[in-house]
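Below: one structure, written as structure tokens.
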Amino acid sequence: SLGLGTETLVPAFSSAVTEYAVTTTETSELLTFVASPLEATVAVTLNSVPVAADNLDQPLVLTAGPDIIAITVTEGLVDKTYTITVTQGE
């Protein structure tokens with residue numbers, strides 16, 4: 001599964017869905033990316049940066065505009081990219 005701290009993905013996470021949205025509170029400047037791969041052999045990258053299998057909770061600094069977060073999951077020779085658009089609420 002994938003998540004961003006206590007924020008709610010819309011729609012709820014499903015491995016079949018690749019596009020998500022999150023709206024944070026106005027004061028949110030930092031979120032924590034959380035991944036829980038079903039298989040130990042899965043590799044995860046966050047915005048093109050590999051994430052160590054033993055450290056899948058990663059901080060994300062938010063900017064003033066919408067933030068696009070790309071998570072690529074690789075299992076064997078198959079890549080799947082999930083995109084989360086984060087917008088700060090008002």
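FYI, side chains are in, hydrogens and waters are out, and symmetry mates aren't considered; it's all heavy atoms of this structure.
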| What residues, two or more places apart in sequence or in another chain, satisfy side-chain hydrogen bond (donor to acceptor under 3.5 Å, both in side chains) together with T74? | D79
| task | Provide the full list of side chain to side chain donor-acceptor pair (under 3.5 Å) pairs with a residue in residues 42-53, sequence neighbours left out, each pair given once. | result | none
| field | Contacts of type side chain to side chain contact (heavy atoms under 4.5 Å, CB included), residue I68, not counting sequence neighbours | value | T83, T85
| field | I69 vs L4 side-chain heavy atoms within contact, under 4.5 Å | value | yes
| message | Could you work out, with side-chain hydrogen bond (donor to acceptor under 3.5 Å, both in side chains) as the rule, every residue matching T63, not counting sequence neighbours? | response | D67
| note | residues 39-88 vs ring-ring contact (aromatic ring centres under 6.0 Å, His included), sequence neighbours excluded, gives F13-Y82
| task | Quick one: which residue pairs count as a ring-ring contact (aromatic ring centres under 6.0 Å, His included) with a foot in residues 45-70, not counting sequence neighbours? | result | none
| Ignoring hydrogens and geometry, is there a side-chain-to-backbone donor-acceptor pair from K80 to S15 under 3.5 Å? | yes
| query | Of the non-hydrogen atoms in V22 and E7, which two are nearest, and what is the gap between them? | reply | CG1-CB, 3.5 Å
| field | Pairs meeting criterion ring-ring contact (aromatic ring centres under 6.0 Å, His included) with involvement of residues 47-72, two or more places apart | value | none
| note | By side-chain hydrogen bond (donor to acceptor under 3.5 Å, both in side chains), T81 pairs with (sequence neighbours left out) T72
| For V17, all residues meeting side chain to side chain contact (heavy atoms under 4.5 Å, CB included), sequence neighbours excluded | P11, S14, Y20
| remark: For residues 29-62, the ring-ring contact (aromatic ring centres under 6.0 Å, His included) pairs (sequence neighbours left out) are none
| field | Trace of the side-chain contact (heavy atoms from CB on, under 4.5 Å) decision for L60 with L46 | value | CA-CA 10 Å; L60 295 167; L46 177 61; 3.7 Å; yes
